[in-house]
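Shown next, in structure tokens, is the structure this report addresses.
Note that the structure is a prediction, hence the values are computed from the model and not measured. No hydrogens, no waters, no symmetry mates; every other heavy atom, side chains included, goes into these values. Sequence positions, counted from 1, serve as the residue numbers for this chain.
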Amino acid sequence: MALASMTGFARADAGDARYGWNWEVKSVNGRSLDLRIRLAPGFDQLEPVVRKVAQDRIRRGHVSVQLGLVTHARGARLRIDPEVADGLGDVLTELQRRFPKAKVPRLDGLLRVPGLLQMVEQEESEAVRAAREHAMTESLIAAFDRLVIARAQEGAALTRLLTEHVDAIEGLVTEAAGLAATQPATIRARLEEQLRSLLQDRAGAAEDRIIQEAAMLAAKADIREELDRLVAHVAQARELMAADEPVGRQLDFLAQEFNREANTLCSKSSDTALTRIGLALKTRIDQLREQIQNVE
């Protein structure tokens with residue numbers, strides 16, 4: 001299973017003798033699975049089905065589901081409203097009495113009288129309705145399966161971007177580890193120089209205070225732990241991107257850890273080259289985290 005994006009769109013169309021329908025499903029980023037369902041009037045009973053189909057296939061994202069419906073003419077029949085027809089007959093009789101020389105109204109004109117014709121839904125058996133709901137469910141599943149494919153395709157593009165950022169981060173960490181400023185001999189020489197300066201200016205300072213200052217200087221000068229953790233984070237990022245389950249949240253947390261180490265590296269740096277690398281790391285990590293927000 002490759003990484004999946006939380007962004008996608010899909011549609012499925014189907015129908016029977018009475019109705020034509022279409023399912024549209026689209027998803028965007030979200031911290032959890034958030035469903036927005038809009039069903040055509042008279043089909044609210046399908047909402048639990050929609051929720052189950054969605055939950056079986058998608059773990060995260062704001063997902064909108066809409067059912068559109070078109071009624072075929074052969075699914076209903078026309079009839080004359082008896083009350084309207086009787087009232088119209090009374091009116092025509094009265095008009096003929098008052099205006100005996102007037103022409104008899106044409107049938108096409110009478111059919112335009114509001115309410116005279118009504119559309120009546122044909123009665124259906126329970127079996128027919130059950131068959132329609134089954135067909136609607138099948139087309140719903142088809143729409144969600146296409147959404148999953150669309151999200152996977154977006155995920156493949158995301159994987160390439162994430163891999164590019166992780167490769168760049170790994171390269172910057174390797175470059176930082178190779179700098180003279182990070183080597184034990186250079187750190188030792190800088191620490192000895194700082195200690196000599198501290199001892200010259202001790203002005204009666206207690207020996208334990210000098211030891212504490214020396215320890216602080218040593219800790220500030222050594223960034224090997226930060227570099228080791230960054231190397232470990234790179235390896236973990238690659239493992240997560242190859243995982244067989246949604247890992248968006250884990251990747252987001254890992255990006256925060258990346259950023260923490262880069263901040264510490266910059267704060268400890270007393271070398272311009274190392275500071276440059278630290279800033280470049282922060283830029284890449286920000287780009288990495290931005291893309292991770294799209295991962296399921």
Side-chain angles (χ1 to χ4, degrees), residues 7-28 30 33-58 61-151:
T7 303
F9 173 83
R11 176 185 173 109
D13 297 85
D16 59 14
R18 186 164 186 172
Y19 295 111
W21 62 83
N22 62 77
W23 291 100
E24 287 190 356
V25 289
K26 59 183 178 180
S27 65
V28 295
L33 178 57
D34 179 24
L35 289 171
R36 296 286 188 270
I37 302 171
R38 294 179 58 189
L39 300 175
F43 291 88
D44 293 339
Q45 73 275 12
L46 292 176
E47 181 170 338
V49 177
V50 174
R51 292 191 177 278
K52 184 177 187 311
V53 171
Q55 292 165 357
D56 287 346
R57 289 160 177 77
I58 294 176
H62 292 289
V63 181
S64 298
V65 184
Q66 181 169 332
L67 171 63
L69 197 69
V70 176
T71 303
H72 299 318
R74 56 184 172 176
R77 63 183 180 84
L78 288 173
R79 77 175 182 91
I80 295 175
D81 187 310
E83 294 184 2
V84 176
D86 290 344
L88 181 58
D90 293 340
V91 170
L92 290 174
T93 300
E94 179 64 20
L95 288 174
Q96 288 177 350
R97 186 183 68 79
R98 290 177 178 269
F99 309 101
K101 296 182 180 180
K103 292 182 179 180
V104 177
R106 292 167 55 90
L107 182 59
D108 58 350
L110 294 176
L111 292 176
R112 296 174 186 171
V113 174
L116 181 62
L117 294 180
Q118 290 183 337
M119 186 76 73
V120 180
E121 296 288 339
Q122 294 180 358
E123 292 296 327
E124 290 184 317
S125 67
E126 189 64 32
V128 169
R129 287 193 291 270
R132 178 179 300 119
E133 289 189 12
H134 177 74
M136 284 183 160
T137 300
E138 291 298 310
S139 55
L140 171 68
I141 291 172
F144 266 97
D145 287 346
R146 291 168 190 170
L147 178 65
V148 169
I149 292 172
R151 286 163 57 113

Answer yes or no: is there a side-chain heavy-atom contact under 4.5 Å between L147 and I58? yes
Is any side-chain heavy atom of L140 closer than 4.5 Å to a side-chain heavy atom of V65? yes
Qualifying residues under side-chain contact (heavy atoms from CB on, under 4.5 Å), relative to [X], sequence neighbours excluded:
| X | value |
| --- | --- |
| V148 | R57 |
| E94 | R97, R98 |
| E138 | H134, I141 |
| V91 | L95 |

Looking at every heavy atom in both [X] and [Y], which two are closest together, and how far apart are they?
| X | Y | answer |
| --- | --- | --- |
| V63 | S27 | CG2-CB, 3.8 Å |
| A150 | F9 | CB-O, 3.9 Å |
| A12 | S139 | CB-O, 3.3 Å |

Report the distance from atom CG of L69 to atom CG of N22, rounding to the nearest 0.5 Å. 8.5 Å
Rounded to the nearest 0.5 Å, what separation is found between the NZ atom of K52 and the CZ atom of F144? 12.5 Å
Residues 34-46, side-chain donor-acceptor partners within the protein, below 3.5 Å, at least two apart:
unit_1: D34; atom_1: OD1; unit_2: R36; atom_2: NH1; d: 2.5
unit_1: D34; atom_1: OD2; unit_2: R36; atom_2: NH1; d: 3.1
unit_1: D34; atom_1: OD2; unit_2: R36; atom_2: NH2; d: 3.1
unit_1: D34; atom_1: OD2; unit_2: H62; atom_2: ND1; d: 2.8
unit_1: Q45; atom_1: NE2; unit_2: E133; atom_2: OE2; d: 2.8

So, does W23 use its side chain to make a donor-acceptor pair with the main chain of M136 at under 3.5 Å? yes
List in chain and number order the residues that pass salt bridge (charged side-chain N to carboxylate O under 4.0 Å, His left out) with R51, two or more places apart in sequence or in another chain; answer none if no residue qualifies. E47
Salt bridge (charged side-chain N to carboxylate O under 4.0 Å, His left out) filter on R146, not counting sequence neighbours, yields none
Residues in side-chain hydrogen bond (donor to acceptor under 3.5 Å, both in side chains) contact with T7, at least two apart in sequence or another chain: none
Without placing hydrogens or testing angles, list every side-chain donor-acceptor pair under 3.5 Å for residues 81-88, not counting sequence neighbours.
unit_1: D81; atom_1: OD1; unit_2: E83; atom_2: N; d: 3.0
unit_1: D81; atom_1: OD1; unit_2: V84; atom_2: N; d: 3.3
unit_1: D81; atom_1: OD2; unit_2: Q118; atom_2: NE2; d: 2.7

